[in-house]
S.K.: 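Dropping the structure in here first, questions after.
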Amino acid sequence: MYLTREEEAIINGELGEQYSKALKVVVKVGEALGAEKLIKVSHAHISGISYYNIGDYGLNLMEDLAGSNVVFSTYTTANPYASVFTDFASAFFDYGVRNKQLRIIKALAKMGARAFTCVPYYVRRPVIDEHLAWAESNAVLYANSVIGARTNKEGGPLALMAAIVGRTYYWGMHRDDERRPDVLVNVITPLSIEEASTLGYLAGKVSANTIPYIRGLGKGLSEDMLRAFLSSFAVASSVPMVFIEGVTPGYKGAAGFVGTGSTRYSVSREELMNFIKKVRGDGRSEPTLYVIGCPHLSHEEVISIVNRFLTRCCRRGEEAKELWILTYKGLELGKDVVRRLAKLGVKVLFNVCPIVTKLKVIGVSRVVTDSVKALYYIPKVSGVKAYLMDREDILREFLGLVT
Ligand code: F3S
């Protein structure tokens with residue numbers, strides 16, 4: 001691989017051992033993929049920072065790096081961490097886990113992590129053609145497909161190395177010739193977030209290894225539906241980008257790659273409804289956690305949901321049911337609003353991901369969510385059953401619990 005003088009100096013230890021090691025890792029991966037050079041990135045995004053995912057090994061790695069005075073060389077954000085600082089119906093996580101999660105956060109913050117969220121594009125919005133090194137599949141899909149920025153779907157450790165050296169390998173989505181669709185997927189226009197999320201998952205299944213050109217999502221698809229579509233697409237497909245007609249910069253030129261003769265799939269309303277029927281929950285007698293915000297909501301979305309609860313005064317019934325609304329830091333709700341929400345069992349949580357948290361430990365036995373991504377990962381990581389429900393239905397059902 002061609003390296004600049006500056007890069008060779010880093011490899012030779014000019015900035016210290018940790019920087020040298022980090023750059024060697026990026027170069028090795030790039031060489032294995034056949035990349036001819038490195039490229040500077042203006043934003044790295046690290047994933048996999050839940051203590052439940054990375055354990056003591058990950059904690060020690062972060063603390064070793066921070067303890068060696070490593071500072072990120074580029075603007076860096078990280079995924080949300082496990083929601084171990086929050087109780088569920090007054091049951092708490094133990095001190096040991098909370099302390100270890102806190103140490104991971106502190107190490108990342110010391111190195112320069114600016115925010116903990118899975119929607120880094122709301123914290124710092126890249127511009128078209130900007131080169132990034134992002135992990136977190138929904139963010140990668142959004143950056144490439146909505147903004148027109150350029151990032152591969154990095155693994156968490158590789159994104160960490162890219163953050164340290166401010167570079168990644170010039171390969172895949174960074175190159176023009178790799179950004180083209182090979183399959184046409186016709187979809188129906190979703191009417192709700194639940195439908196958008198399900199459509200994304202089904203479209204991902206038929207284009208598991210191929211960049212698709214998506215037709216039919218509908219002009220003027222709302223931001224929350226777009227986010228839901230892309231995050232669920234990434235559950236079923238490994239590709240880092242989709243071309244969405246009417247949305248993705250350059251989609252008109254890309255349409256030429258999927259003319260007659262190209263592989264075509266379609267996702268019908270019947271298929272969509274069959275999927276939803278299978279994953280909808282019933283029975284409301286168990287301790288239930290309602291989760292909205294996988295991926296994190298924008299602050300505007302949080303405010304509009306919170307306002308609907310503020311006209312309510314108190315909660316009816318003794319059921320252990322809570323609604324967690326997930327977003328990123330920077331939104332001030334005011335103590336009075338937080339108190340009023342708490343009385344209703346509603347919590348607005350910042351910087352966390354309950355999906356990568358062992359919710360069983362605090363007595364949650366059932367999660368209801370509007371996200372197919374959460375639906376898919378919650379049983380695997382959190383150890384509890386999960387069901388799908390549209391956001392509006394969740395809010396109505398939850399608002400129905402209060403007088
Ligand atoms: Fe974000 Fe966690 Fe969902 S990282 S996308 S809330 S699985």
Side-chain angles (χ1 to χ4, degrees), residues 45-54 58 76-86 101 104-105 108 113 115-123 134-143 145-146 151 153-156 159-160 193-194 196-198 200-201 204 223-237 240 289-299 301-302 305 322-329 331 347-359 364 367-384 386-389 391 394:
H45 181 79
I46 300 162
S47 69
I49 68 150
S50 161
Y51 175 70
Y52 286 116
N53 284 357
I54 59 175
T76 299
T77 47
N79 251 13
Y81 39 84
S83 36
V84 288
F85 306 107
T86 311
Q101 183 64 74
I104 293 170
I105 301 163
L108 281 160
F116 296 92
T117 180
C118 42
V119 290
Y121 40 88
Y122 291 153
V123 177
W134 284 10
E136 174 46 43
S137 57
N138 102 79
V140 169
L141 263 292
Y142 191 98
S145 317
V146 179
T151 176
K153 200 189 278 186
E154 305 290 5
L160 176 64
I193 291 172
E194 177 188 46
S197 194
T198 304
Y201 179 71
E223 173 74 8
D224 44 12
M225 285 203 209
L226 201 53
R227 213 177 47 228
F229 178 91
L230 292 171
S231 64
S232 302
F233 178 93
V235 171
S237 173
L289 174 63
Y290 295 73
V291 174
I292 292 178
C294 170
H296 281 178
L297 302 187
S298 68
H299 290 165
E301 288 170 274
V302 174
I305 291 174
E322 291 191 2
L323 169 61
W324 290 5
I325 299 168
L326 315 174
T327 190
Y328 50 96
K329 72 168 184 184
L331 177 66
K347 290 172 181 157
V348 177
L349 304 182
F350 298 93
N351 309 338
V352 296
C353 169
I355 288 88
V356 292
T357 308
K358 290 238 177 299
L359 295 169
V364 175
V367 170
V368 175
T369 175
D370 60 348
S371 159
V372 171
K373 180 170 182 179
L375 176 83
Y376 184 85
Y377 287 113
I378 279 173
K380 291 184 192 324
V381 187
S382 308
V384 299
Y387 299 98
L388 189 68
M389 193 177 278
R391 185 177 304 173
I394 289 180

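We count ligands from 1, going down the list as the structure has it; atoms in each ligand are counted the same way. For this chain, numbers begin at 1 and follow the sequence in order.
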S.K.: I'd like to check Val352 versus Tyr81 (side-chain heavy atoms, cut-off strictly below 4.5 Å). Are they in contact?
M.R.: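 Yes, side chains in contact.
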S.K.: How would you list, by chain and number, every residue that makes a side-chain hydrogen bond (donor to acceptor under 3.5 Å, both in side chains) with Tyr122, sequence neighbours excluded?
M.R.: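 With neighbours one apart ignored, the set is Glu223, Arg227.
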S.K.: List in chain and number order the residues that pass ring pair (Phe, Tyr, Trp, His ring centres under 6.0 Å) with Tyr201, two or more places apart in sequence or in another chain; answer none if no residue qualifies.
M.R.: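 Tyr201: ring pair (Phe, Tyr, Trp, His ring centres under 6.0 Å) contacts with Phe275.
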S.K.: Between Glu322 and Trp324, does the side-chain hydrogen bond (donor to acceptor under 3.5 Å, both in side chains) criterion hold? Intermediate values first, please.
M.R.: CA-CA 6 Å; Glu322 291 191 2; Trp324 290 5; 2.9 Å; yes
S.K.: Can you list everything that forms a side chain to side chain contact (heavy atoms under 4.5 Å, CB included) with Ser371? Sequence neighbours excluded, please.
M.R.: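 Partners of Ser371 by the side chain to side chain contact (heavy atoms under 4.5 Å, CB included) criterion, ordered by chain and then number, come out as Cys294, Thr369, Lys373, Ala374.
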S.K.: Under 2.8 Å from atom 2 (Fe) of ligand 1, which protein N, O or S atoms do you find? Ignore water molecules.
M.R.: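 As for protein N, O or S atoms lying under 2.8 Å from atom 2 (Fe) of ligand 1, they are Cys353 SG.
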S.K.: Evaluate the side-chain proximity of Ile305 to Leu297: yes if any heavy-atom separation is below 4.5 Å, no if none is.
M.R.: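 Of all side-chain heavy-atom pairs linking Ile305 with Leu297, at least one is under 4.5 Å.
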